Amino acid sequence: MQNDIKERRKAKGLSQDDLAQACAVSRQTINAIENNKYDPSLSLAFQLARVLGVTVDELFCGGKS
């Protein structure tokens with residue numbers, strides 16, 4: 001699933017480890033999601049969106065329905 005996590009994380013000045021800690025997952029999980037090797041659970045998708053200050057749609061669909 002395509003996503004904008006890496007760009008939005010960097011724009012907020014967060015490392016993968018920072019984002020991982022905020023979402024209670026490993027840095028490797030964040031890396032895998034950013035590289036489209038792992039699709040997050042719905043719960044994790046909402047956590048990522050909350051931490052990055054966007055909606056799930058914006059994060060994973062570019063804001064397009």
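Just so you know, these numbers come straight off a predicted model, no measurement behind them.
L59 contributes atom CG, which lies 12.5 Å from atom CZ of R50 (distance to the nearest 0.5 angstrom). Atom SG of C23 sits about 13.0 Å away from atom CZ of F46, to the nearest 0.5 Å. I5 contributes atom CD1, which lies 4.5 Å from atom CG of L48 (distance to the nearest 0.5 angstrom).
For A49 against T55, the heavy-atom pair with the smallest separation is CB-C, 3.8 Å. The minimum heavy-atom distance between N3 and E7, with the atom names listed, is O-OE1, 4.1 Å. In terms of heavy atoms, V54 sits closest to R8 at CG1-NH1, 3.0 Å.
The side-chain contact (heavy atoms from CB on, under 4.5 Å) test applied to N31 returns Q16, R27, N35, not counting sequence neighbours.
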V51/D18 under side-chain contact (heavy atoms from CB on, under 4.5 Å): CA gap, chis, key distance, verdict | CA-CA 10 Å; V51 171; D18 294 334; over 6 Å; no
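Between E34 and R9 a salt bridge is recorded (basic side-chain N to carboxylate O distance below 4.0 Å).
Screening L19, V25, D39, L44 for a side-chain contact (heavy atoms from CB on, under 4.5 Å) with I33, the sole residue that qualifies is L44.
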